[in-house]
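For reference, positions follow the sequence shown, starting with 1. Quick note: numbers below take in every heavy atom, side chains included, and nothing from hydrogens, waters or symmetry partners. Owing to the predicted nature of the structure, the values given are computational and were not obtained by experimental measurement. Just follow the structure's listing: the first ligand is 1, and inside any ligand the first atom is 1.
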Amino acid sequence: MKHNSNRRDFLKTTALAGFGALILPNSLFASHERVVKKVRLGFIATGLRGQGHMQEMLKRDDVEIVAIADPDKKMLAMAQKLVAKYKKPAPKEFSNGNNDYKNLLKEDIDAVIISSPWEWHKEQGIDAMRAGKIVGMEVCGAMKLSDCWDYVKTYEETKVPIMMLENVCYRRDIMAVLNMVRKGMFGELIHGQGGYEHDLRGVLFNDGQSPYNSGVEFGEKGYSEAKWRTNHYINRNGELYPTHGLGPVAVMFDINRGNRLLRLSSFSSKARGLNKYIVEHPKGGKEHPNAKVKFKQGDVVTTQIQCANGETILLTHDTSLQRPYNLGFRVQGTEGLWQDFGAGELNKGFIYFEKAMKKTHEWETTEKWLTENDHPLWQRYSKDAESSGHGGMDFFVDNTFIECIKRNVEFPLDVYDLATWYAITPLSEMSVENNGAVQEIPDFTSGAWKNRKPVFGFDGAF
Ligand SMILES: NC(=O)c1ccc[n+]([C@@H]2O[C@H](COP(=O)([O-])OP(=O)(O)OC[C@H]3O[C@@H](n4cnc5c(N)ncnc54)[C@H](O)[C@@H]3O)[C@@H](O)[C@H]2O)c1
């Protein structure tokens, strides 16, 4: 009983830490002293990404994984195997169909991590907030613009916080560049670029035989994301996955915290990559039924965004042609320019500071600059992050989620970021549909962006 009433108090005060109630930003509030409190977690969806989060959480002694929900018993079994590997108690399972997660929400848990297919995010996120469970939400774009308002309204009604689990914001090179932006090394920011430029053909047509390039099947015959993601490429055309590219730039540009996204326009190229892949694959061919499928999603979709403080942002979605991985970041100000060419390594990009380098029209490689400006959070935690997913950034996003809950401080990527970033998808779809017509991006903060202060990555923050 005592345990439960403590938990209720904990949730009550945690909910109070939401926007409107908490005035102090993380930087003034949080300390890195150890806080002894266990966070009781549930997982909604234990597919490949859910298992990635579980692995991060299983390494910690301040988290108990209490319950897991997924209609796919194979994925649940893989998740249980992971728990056993870390010699932790087996969580209670909820596997009775798509809605069994609602029963997980009745359990005595503080928070849930949601890593389900995109079409489930809104319903599950809102049900979780309404059940009083703090939410860590995986990335995607909204199915409808109204979904974004639903997140905001539910948060404002319930005051149950939701964190946008955008791991790329924590990439080491990106945090070093953020550090340099904050030191003023780029001068006044003018333009940013980012995107999702990742050949997903082996993910979209994965039959589970081997993890990659393993077939031409999707839907019922597909494995992992091929079960559901490929359908979006048949029925939609737009910036389907905006947050990896936009999130880091939005943080640097203080979006929703002194700046905001005003409007966008998107164009989509023709769609050729997926059909060509099926036709040329040894398990496919011209006569394969999937060679008849019409893919609506253009191979390369570009989205231009205008910001209130006069900057522009260019996003690129490029996932169905051959290409090496690169999210294509670029940060350009009056005093400098950075272009990324790798997957987070400090030495894989190019950088230019005319005055500081005392030369013109000549790039330098990034290694020296980014190493000298390594972000304090990376310096503090690089050992912990060493073995973590996606080059260490998964450690940071999950650590932030847990430490903010334990310390009762606001999430650095909150419901307003989630709504704004998710909104890019339906707005870009509308724009593509209407020949690039400009779409206004709603102000989900209802004017509060003018006074909200940046908190991400400041000293003392997580
Ligand atoms: N941040 C990152 O680096 C990153 C990487 C990969 C995926 N993702 C995101 O994570 C999410 C999941 O992707 P994934 O790769 O794990 O896909 P996946 O297909 O491997 O896993 C999805 C899981 O959701 C389960 N599921 C389906 N309906 C459900 C329901 N109603 N209730 C509970 N579970 C349900 C499926 O059975 C499956 O196990 C997506 O939003 C994806 O975009 C993020």
Side-chain angles (χ1 to χ4, degrees), residues 42-56 67-80 82 93-105 112-128 135-143 163-171 174 196 198 200 202-208 211-212 218-220 222-233 239-248 317 319 325 327 343-344 388-398 400-401 413 418 421-422 425:
F43 277 79
I44 296 182
T46 59
L48 299 190
R49 184 62 183 151
Q51 290 170 41
H53 285 296
M54 283 180 74
Q55 183 135 13
E56 292 305 313
I68 53 180
D70 195 307
D72 184 334
K73 291 195 167 55
K74 276 196 198 140
M75 288 298 195
L76 275 178
M78 282 166 79
Q80 290 286 17
L82 204 55
E93 282 185 14
F94 295 84
S95 63
N96 189 17
N98 277 328
N99 289 312
D100 212 11
Y101 76 88
K102 291 180 199 270
N103 292 317
L104 173 146
L105 292 174
V112 285
I113 289 190
I114 300 177
S115 316
S116 52
W118 303 339
E119 52 272 25
W120 278 100
H121 284 204
K122 191 203 80 168
E123 194 176 333
Q124 293 173 336
I126 283 172
D127 283 349
V135 179
M137 179 62 86
E138 250 311 330
V139 302
C140 79
M143 305 295 295
M163 177 167 163
M164 171 86 239
L165 298 177
E166 183 38 85
N167 47 352
V168 181
C169 291
Y170 292 92
R171 222 172 79 171
I174 283 166
Y196 194 55
H198 186 185
L200 288 185
V203 170
L204 296 169
F205 301 110
N206 185 352
D207 60 12
Y212 227 72
F218 64 94
E220 277 308 301
Y223 171 73
S224 184
E225 298 202 2
K227 266 194 188 322
W228 53 269
R229 191 175 187 139
T230 319
N231 271 320
H232 292 269
Y233 287 63
E239 173 45 87
L240 294 186
Y241 212 48
T243 72
H244 285 333
L246 177 58
H317 184 272
T319 60
Y325 179 90
L327 299 185
S388 292
H390 291 107
M393 62 198 189
D394 289 354
F395 163 81
F396 286 92
V397 77
D398 285 332
T400 300
F401 184 62
L413 308 173
L418 185 148
W421 303 356
Y422 267 42
T425 298

J.: Could you list which atoms of ligand 1 come closer than 4.0 Å to a heavy atom of His390?
T.: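 Result: 3 (O).
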J.: How are the rings of His121 and Tyr422 set relative to one another: parallel (under 30°), tilted (30 to 60°) or perpendicular (over 60°)?
T.: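 Tilted: the ring planes of His121 and Tyr422 meet at 30° to 60°.
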J.: Between Glu138 and ligand 1, which residue portion shows a heavy-atom distance shorter than 4.0 Å: side chain, backbone, both, or neither?
T.: side chain
J.: Name the option, out of Gly52, Pro117, Pro71, that contains the heavy atom nearest to atom 24 (O) of ligand 1.
T.: Pro117
J.: In terms of ring plane angle, is the pair Trp118 and Trp228 parallel, tilted or perpendicular, where the classes change at 30° and 60°?
T.: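 Plane angle over 60°, so perpendicular.
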J.: How far is atom 7 (C) of ligand 1 from its nearest protein heavy atom, and which residue and atom name does that atom have?
T.: Glu225 OE2, 3.4 Å
J.: How close does the nearest protein non-hydrogen atom get to atom 25 (C) of ligand 1, and which residue and atom is it?
T.: Asp70 OD2, 3.2 Å
J.: Could you tell me the residue and atom name of the protein heavy atom closest to atom 20 (O) of ligand 1, and the distance to it rounded to 0.1 Å?
T.: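 For atom 20 (O) of ligand 1, the nearest protein heavy atom comes out as Ser224 OG, 2.6 Å.
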J.: Once you measure the plane-to-plane angle for Phe218 and Phe205, does it fall in the parallel (<30°), tilted (30-60°) or perpendicular (>60°) bin?
T.: perpendicular
J.: Where is the nearest protein heavy atom to atom 16 (O) of ligand 1: which residue, which atom, and how far?
T.: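 Ranking protein heavy atoms by distance from atom 16 (O) of ligand 1, first comes Arg49 N, 2.7 Å.
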J.: So do the side chains of Met163 and Leu418 get within less than 4.5 Å of each other, counting heavy atoms only?
T.: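 No, every pair of side-chain atoms sits at 4.5 Å or beyond.
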J.: Identify which of Ser116, Cys140, Gly222, Gly389 has a heavy atom lying nearest to atom 40 (C) of ligand 1.
T.: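 Result: the heavy atom closest to atom 40 (C) of ligand 1 is in Ser116.
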J.: Met75 heavy atoms, cut-off 4.0 Å: which ligand 1 atoms fall inside?
T.: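 Numbered from 1, ligand 1 contributes 20 (O), 39 (O).
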J.: Taking only heavy atoms of Gln124 into account, list the atoms of ligand 1 that are under 4.0 Å away from them.
T.: 30 (C), 31 (N), 32 (N), 33 (C)
J.: Should Leu165 be counted as touching ligand 1, given the test is an N or O pair under 3.5 Å?
T.: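 Such a contact does not occur with ligand 1.
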J.: Within the distance-only criterion (no hydrogens, no angle test), does the side chain of Glu138 pair as donor or acceptor with the backbone N or O of Ile114 below 3.5 angstrom?
T.: no
J.: Heavy atom under 4.0 Å from ligand 1: found in His121's side chain, backbone, both, or neither?
T.: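 The part of His121 near ligand 1 is the side chain, not the backbone.
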J.: Would you call the rings of Tyr196 and His317 parallel, tilted or perpendicular if under 30° counts as parallel and over 60° as perpendicular?
T.: tilted
J.: Are any of the side-chain heavy atoms of His390 and Arg171 separated by less than 4.5 Å?
T.: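 Not touching, per the 4.5 Å side-chain cut-off.
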J.: Please could you name the atoms of ligand 1 that Trp120 approaches to less than 4.0 Å, counting only its heavy atoms?
T.: 28 (N), 31 (N)
J.: Kindly say whether Glu239 contributes a backbone atom to a donor-acceptor pair with the side chain of Thr425 at under 3.5 angstrom?
T.: yes
J.: For the residue pair Tyr170 / Thr400, report whether a side-chain donor-acceptor contact shorter than 3.5 Å exists.
T.: yes
J.: Could you tell me, atom by atom, which parts of ligand 1 come under 4.0 Å of a heavy atom of Val139?
T.: 1 (N), 41 (O), 43 (O), 44 (C)
J.: Quick one: which ligand 1 atoms are inside 4.0 Å of a heavy atom on Asn98?
T.: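 Counting atoms of ligand 1 from 1, those under 4.0 Å from Asn98 are 28 (N), 29 (C), 30 (C), 31 (N), 32 (N).
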J.: Answer whether the closest heavy-atom distance between the side chains of Glu123 and Lys102 falls below 4.5 Å.
T.: yes
J.: Does only the side chain of Asn167 get under 4.0 Å from ligand 1, or the backbone, or both, or neither? Count heavy atoms.
T.: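 The answer is the side chain.
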J.: Please tell me if the side chains of Asn206 and Glu225 come closer than 4.5 Å, counting only heavy atoms from C-beta onward.
T.: no
J.: Among all protein non-hydrogen atoms, which one is nearest to atom 19 (O) of ligand 1, and what is the separation to 0.1 Å?
T.: Trp228 NE1, 2.8 Å
J.: How far is atom 21 (O) of ligand 1 from the closest protein heavy atom, and which atom is that?
T.: Gly47 CA, 3.2 Å
J.: Report yes or no: does Tyr241 have a heavy atom closer than 4.0 Å to ligand 1?
T.: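 It does; at least one heavy atom falls under 4.0 Å.
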J.: Is the shortest heavy-atom distance from the side chain of Leu200 to the side chain of Tyr233 under 4.5 Å?
T.: yes
J.: Around atom 22 (C) of ligand 1, find the nearest protein heavy atom and jot down its residue, atom name and distance.
T.: Ser115 O, 3.8 Å
J.: Sort out for me which residue in Leu105, Val135, Ile44 forms a side chain to side chain contact (heavy atoms under 4.5 Å, CB included) with Asp127.
T.: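 Going through Leu105, Val135, Ile44 one by one, the side chain to side chain contact (heavy atoms under 4.5 Å, CB included) with Asp127 is satisfied by Leu105 alone.
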J.: Below a 4.0 angstrom heavy-atom separation, can you tell me which part of Lys227, side chain or backbone, both or neither, approaches ligand 1?
T.: neither
